Number of protein chains: 2
Amino acid sequence: MGIIKKTPARIAAMEFLSLTDSPVDIEQIINYLRSKNLNTNKVTVYRIIEYFYKQGIVNRLDLQEGKFRYELAKGDHHHLICDNCSKIQDISDTVVPKLEEEINSKHKFLIKRHSLEFFGLCLNCQK
Amino acid sequence: MGIIKKTPARIAAMEFLSLTDSPVDIEQIINYLRSKNLNTNKVTVYRIIEYFYKQGIVNRLDLQEGKFRYELAKGDHHHLICDNCSKIQDISDTVVPKLEEEINSKHKFLIKRHSLEFFGLCLNCQK
DNA sequence: GTCACTGCAAAGGCTTTGCATGTAC
DNA sequence: GTACATGCAAAGCCTTTGCAGTGAC
């Protein structure tokens, strides 16, 4: 493991994750760092987020965009992704844990994690 | 739209999709075509599958492998993906439709599609 | 002073695009 | 003959890797 060094880039990246309520991608993190006058290299941001991810500090989401998004790890929840404006809403989860129990007993499959995302149109974009 | 031409590559690709019960990736399709003595270019396979996808003939799955998989479109179901041997099992879905209704009424979000995949260990790999 | 972090360049994997050629109809 | 389909080359994106230089401790 080694010692964790608190560099400006890491501190600012964590700050950004704390500030945003939607999952963010690498580019958004870079832009935030720029706004803080940190010209951090893209590769470095990848490595910072990889570190957070391996530590379990952030979740890595695959919202079928061809790239990953990240959010601070928190309780089980899912996302509503608008096809039109790309807004991402959180929804809490009550059903899936029950479903997982059923699957465990019925299929003898040991579930470690799951992905559940909903795609469609948010209220605004339905008009 | 235009006329659909039944080329050897398209016919064989559809044949392969019908034969397999697990979602397949582009490489597997190419290998099947090769086994049928069709040296189809990778780009062509991408275009064939894109065509099927846009027609609604196949579903496109993102199992977080950094690539897509495809399967013939069929009733609502989900997948159990083994982290160890990569086996993919189907499971039928009864819960999510209800969940979608709840979300529609509670969040006013119009759901068009969803992804639900479970990752863990299959029976064999738990030993 | 060490060891970890960063920057730069490059590469790797999947997918898409442009354009000329080939082929199903 | 006319579109559409294919092949080839190249590029586009996101992400990862190698290595030398920098900086936190």
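Nothing here was measured: the structure is a model prediction, and the numbers come from that model. Order of the sequence lines fixes the chain letters, A, B, ..., with proteins taken first and strands second; residue numbering starts at 1 for each chain.
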Angle between ring planes, His114(B) versus His78(B), binned at 30° and 60°: parallel, tilted or perpendicular? tilted
Answer yes or no: are there more than 12 heavy-atom neighbours, outside Glu65(A) itself, under 6.0 Å from its atom CD?
yes
Between [Y] and [X], is there a salt bridge with N-O shorter than 4.0 Å?
X	Y	answer
Arg113(A)	Asp83(B)	yes
Glu50(B)	Lys54(B)	yes
Lys74(B)	Asp90(B)	yes

How many whole angstroms separate atom [atom1] of [X] from atom [atom2] of [N]?
X	N	atom1	atom2	value
Tyr51(B)	dT16(C)	OH	P	17 Å
Glu27(A)	dT15(D)	CD	P	11 Å
Lys54(B)	dT15(C)	NZ	C1'	13 Å
Gln55(A)	dC5(C)	CD	C1'	15 Å
Ile26(A)	dT16(D)	CD1	C1'	12 Å
Arg47(B)	dG18(C)	CZ	P	11 Å
Tyr46(B)	dG13(C)	OH	P	12 Å
Gln64(B)	dT15(D)	CD	P	12 Å

ring-ring contact (aromatic ring centres under 6.0 Å, His included) filter on His77(A), not counting sequence neighbours, yields His79(A)
In numerical order, the residues of residues 36-44 of chain B whose heavy atoms come under 4.0 Å of DNA chain C are Lys42(B), Val43(B)
- Query: Taking the six-membered ring of Phe68(A) as reference, does the NZ or CZ atom of Arg60(A) fall below 6.0 Å from its centre and within a 45° cone about the axis?
  - Reply: yes
Original post:
Is the phosphate of dA4(C), meaning OP1 or OP2, less than 4.0 Å from a side-chain N or O of Thr7(A)?
Top reply: no
Of the candidates dT15(C), dA24(D), dT6(D), the side chain of Lys67(B) sits closest to dT15(C)
By nearest-nucleotide position on DNA chain C, the 5'-leaning member of Lys5(A) and Lys5(B) is Lys5(A)
